[in-house]
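Below is one structure, written out as structure tokens, with a few remarks after it.
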Amino acid sequence: MRWSNLFIPTLRDAPGDAEAASHKLLVRGGFIRQLMSGHYSLLPLGLKVHEKVADIVREEINAIGGQEFLLPAMHPRSIWEASGRWDAIGDEMFRLQDRKGADVALGMTHEEIFATVATEVNSYKQLPQIWYQIQWKFRDEARPKSGLLRVREFAMKDSYSFDVDEAGLDANYVKHHDAYVRIFERLGLDAVPVQASSGAMGGSGSSEFMVRSDAGEDDVAMCSCGYAANVERATSALPAVDDDTPPPAPVKFATPGIRTIAGLADIEGGAPANRQIKTMVYVVDEQLTLFLVRGDHQLNEQKVIDSAGTANLRPATPAETLKHLGANPGSLGAVGVSDDIAIYADTALSGRTNLHTGANEDDWHWTGVDIARDVNVAHWTDLRDVNAGEACVECGQPLEIVRCIEAGHIFKLGTKYAEALGATVLDQNGKTQTIVMGSYGIGIGRNMAAIAETHNDESGLVWPMSVAPYEAVITAVKANDEPSMAAAENLYTELLAAKIDVIFDDRNERPGVKFKDAELIGIPYRVTIGPKSLESGEVEFTTRATGDTISVAIGDVANQVINAVEAAR
RNA sequence: CGGGCUGUGGCGCAGCUUGGUUAGCGCGUCGGUCUGGGGGACCGAAGGUCGGAGGUUCAAAUCCUCUCAGCCCGACCA
């Protein structure tokens, strides 16, 4: 294409409200424009990159046997009611009514719809299947942010696997895992698979593919040994705490005005935070429930949700704690609490004794509490935040907490959706089996932003060849110099014939403008043709990533470009 | 949803505290001249209901009220 004919509105200044590098550069480079919060127009350059990302994803999913579909973006209420998600989801689903007043939803994911299609699979002989689409999702995010990184309307590759049993699911999960590794490698993203919470999707396991970036929204605990887990799932090894010998029974301890862990640590007869029990009170499915962690630990709410098996929970109000436990926050504890209040305790409290905790009476605490003896723990589980520097559970080395962008997420769903929608097959024994599903997602635009976020410098974007809007640019330095324009035209024709995705900057602009624009939009290779060097039969060949420029004979430059592009594809 | 901030030509901003000429600057855009290897110079020009509504006032970009929108932090995130 000739630059002079294209719409590439580059800007010298980024929009004042953009913070993330990818946001600034995608706007400045003329890739995207915002329509409203969380909704962006893809301009021609942006669409080009978007499609290249999508094509890589498509190729790799096709390579593991995926079959492409295209499902509706608008869904009837009934199908979401069948899975229970019409009510479970809440404000994040866009809902509207048609002219008859019927409720419809804009699809935020397609488990239900694909499961419905899968009701036409009737025999184990037709399995396994991998079905996918690249389609628009709508999510009414509470806070869209950072350009394309978090939006309300976006293209997603969502694939779904269908198997007769768990072993089949495991195989398809691995296939997707491996395909994702190849996809991110081709996108130039250093994405690390990490253990993740399945959240409200349900199912037995999930991994996220995480790209290190300060612009991300997730924290991941990582170890040099390869252990990596979202902090919603991560654990760590803790050194033992010396508890001494406890008294035969807890001892009540007057603590007037003491309302905090730190306060209890400071007073005469108190105890350091790691020898206290912190009692957090939630209302889970309308039931008051206690969650206990060590005094110096933080409760992780996703772990609370995962332990409780529901997202229908909230912290109890002070009035509720007073009513059910008899005290206000600051004096709460689990000692002697009746059986009808469920108690979850963090595993770091297991085996501990001689602890301090609230006595459910304002201004009083217990000391000498032995958790096994004195607290009626119903569920031992992992509830606490992992902190940087704590020991890796695999190898003992200190963990690092790394901010990441979630580039992909794969789930083992199990039978939840197939069962809800009635997707079953007959097995080899003629017995009805519910199809076992997996679900696998990659946001196309978010990956585009993640690449931009991790591939830029002071001059602009530095796209990997695989997704660059153009593979090479021919910059004619002087638009009214006939010999150099003729040489540029010849090279342009030659590169097009060789199937190089090349753009010819034929604009009547000063060279500085052209160089800046080419660098801003991040084209990997540039050939500069101007009267000066052409006098001696040479042109310049510049590599965007390194800035290196070499002189090449005009007759050799086409091959130089072709070889460089093909090597980097 | 809680906290903080911002809305003035396409983009970036000043003006607002203390109301008062024709609302200004840089970039970009259009015409022209000179230029031509890193966002060039000069001359001329177009383009703005100052987010919206209401109010105070002789007079509102500026003060007051309401409202809409956007950004950032947090909560949330299938």
Side-chain angles (χ1 to χ4, degrees), chain A residues 7 9-20 23-24 27-30 33-39 80 83-86 88-93 105 107-112 137-147 149-152 154 156 158 160 196-203 206 208 215-218 230 232 301-302 305 311 313-315 406 409-411 413 416-417 439-441 443 446 459-460 475-481 484-485 505 507-520 526 528-535 538-540 542 547 549 551:
Chain A
F7 181 62
T10 59
L11 298 174
R12 194 182 287 231
D13 299 306
D17 53 19
E19 298 270 328
H23 184 192
K24 291 182 186 172
V27 174
R28 281 192 58 208
R33 287 293 185 265
Q34 183 179 47
L35 178 64
M36 59 176 169
S37 180
H39 299 260
W80 285 88
S83 67
R85 291 162 112 188
W86 180 264
I89 283 177
D91 289 341
E92 207 172 326
M93 184 187 277
M108 52 198 310
T109 178
H110 282 72
E111 281 77 14
E112 284 84 351
K137 306 297 184 204
F138 298 86
R139 296 183 184 176
D140 192 356
E141 294 286 351
R143 185 151 94 80
K145 57 174 288 200
S146 306
L149 277 174
R150 185 166 204 79
V151 292
R152 304 203 303 173
F154 58 99
M156 183 182 207
D158 48 323
Y160 304 84
S197 163
S198 302
M201 284 284 278
S206 80
E208 292 166 328
E217 303 179 86
D218 286 272
N230 192 305
E232 296 171 354
E301 195 151 309
Q302 187 63 47
I305 290 169
L313 51 78
R314 59 175 172 81
E406 181 190 339
H409 200 162
I410 59 179
F411 295 90
L413 289 178
K416 173 176 172 178
Y417 299 97
S439 153
Y440 316 88
R446 179 183 285 183
S459 301
T475 302
V477 168
K478 198 173 172 184
N480 58 6
D481 180 64
S484 49
M485 287 306 276
D505 192 350
R507 294 176 295 169
N508 185 16
E509 289 286 351
R510 295 177 61 88
V513 173
K514 298 186 175 193
F515 296 150
K516 291 285 185 194
D517 274 346
E519 283 157 8
L520 175 60
R526 184 178 89 216
T528 310
I529 301 181
K532 273 188 189 169
S533 56
L534 202 58
E535 263 177 37
E538 291 190 323
V539 298
E540 283 89 51
T542 303
T549 296
S551 284

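This is a predicted model, so every value here is computed, not measured. The analysis underlying the following values was restricted to heavy atoms, covering all of them including side chains, and did not include hydrogens, waters or symmetry mates.
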* Asked: Can you tell me how far P of B/rG4 sits from CD of A/Glu19, to the nearest Å?
  -> 18 Å
* In whole Å, what separates the C1' atom of B/rU29 from that of B/rG12? -> 16 Å
* side-chain N/O A/Lys137 vs B/rA78 OP1/OP2, d < 4.0 Å -> no
* Asked: In terms of side-chain heavy atoms, does A/Ser83 have a donor or acceptor partner in A/Glu111 at a distance below 3.5 Å?
  -> no
* To do: With heavy atoms under 4.0 Å as the rule, sort A/Ser459 into base, sugar-phosphate or nothing.
  => nothing
* Asked: With sugar-phosphate meaning primed atoms plus P, OP1 and OP2, does A/Pro15 contact a base, only sugar-phosphate, or nothing at under 4.0 Å between heavy atoms?
  -> sugar-phosphate
* Which part of the nucleic acid, if any, lies within contact of A/Lys514, taking any heavy atom under 4.0 Å across all strands shown: a base, the sugar-phosphate backbone alone, or nothing? -> nothing
* Rounded to whole angstrom units, what separation is found between the CG atom of A/Asp13 and the P atom of B/rG26? -> 14 Å
* Asked: Taking only N and O in the side chain of A/Arg85, is any of them less than 4.0 Å away from OP1 or OP2 of B/rA78?
  -> no
* What is the distance, rounded to the nearest whole Å, between atom NE2 of A/His110 and atom C1' of B/rA78? -> 13 Å
* **Selection from B/rC76, B/rA78, B/rG74 that lies nearest to any side-chain heavy atom of A/Ile89** => B/rA78
* Asked: Within this structure, what is the CZ-to-C1' distance between A/Arg152 and B/rG70, rounded to whole angstrom?
  -> 12 Å
* Could you measure between the two C1' atoms, the one in B/rG51 and the one in B/rG28, and give it in whole Å? => 23 Å
* Please work out if A/Asp481 contacts a base, only the sugar-phosphate, or nothing of the nucleic acid, heavy-atom cut-off 4.0 Å. => nothing
* Asked: Could you give the CD-to-P distance, from A/Gln302 to B/rA78, as a whole number of Å?
  -> 7 Å
* Answer yes when A/Lys145 and A/Glu19 have at least one side-chain N-carboxylate O distance shorter than 4.0 Å, and no when they do not. => no
* To do: Measure from the side chain of A/Ser37, starting at C-beta and using heavy atoms only, and say which of B/rC72, B/rG70, B/rG12 lies closest.
  => B/rG70
* Please work out if A/Arg139 contacts a base, only the sugar-phosphate, or nothing of the nucleic acid, heavy-atom cut-off 4.0 Å. => sugar-phosphate
* Looking for any heavy atom pair under 4.0 Å, which part of the strands does A/Met36 touch: base, sugar-phosphate only, or nothing? -> sugar-phosphate
* Structure fact -> Per-nt protein contacts along nucleotides 31-37 of chain B (heavy atom under 4.0 Å; B base, S backbone sugar-phosphate only, - none) come out as ----BBB
* Structure fact -> For B/rC42, the nucleotide meeting Watson-Crick or G-U wobble distances (both under 3.5 Å) is B/rG32
* Asked: Where the side chain of A/Thr10 is defined as all heavy atoms beyond and including C-beta, which of B/rC72, B/rG39, B/rC11 is the nearest nucleotide?
  -> B/rG39
* To do: Check the distance between B/rC11's P and A/His23's NE2 and give it to me in whole angstrom.
  => 13 Å
* Choose from B/rG70, B/rC76, B/rG12 the nucleotide whose nearest atom is closest to any side-chain atom of A/Asp17. => B/rG70
* Pick base, sugar-phosphate or nothing for A/Ala88, based on heavy-atom distances below 4.0 Å to the nucleic acid. => base
* So does A/Gln34 get a side-chain nitrogen or oxygen closer than 4.0 Å to the phosphate oxygens (OP1/OP2) of B/rC71? -> yes
* To do: Give a yes or no on whether a donor-acceptor pair under 3.5 Å exists between the nucleobase atoms of B/rG10, that is its base, and the side chain of A/Arg12.
  => no
* Structure fact -> B/rU6 -> Watson-Crick or G-U wobble partner, both distances under 3.5 Å, gives B/rA69
* Asked: Within this structure, what is the CE-to-P distance between A/Met93 and B/rA78, rounded to whole angstrom?
  -> 13 Å
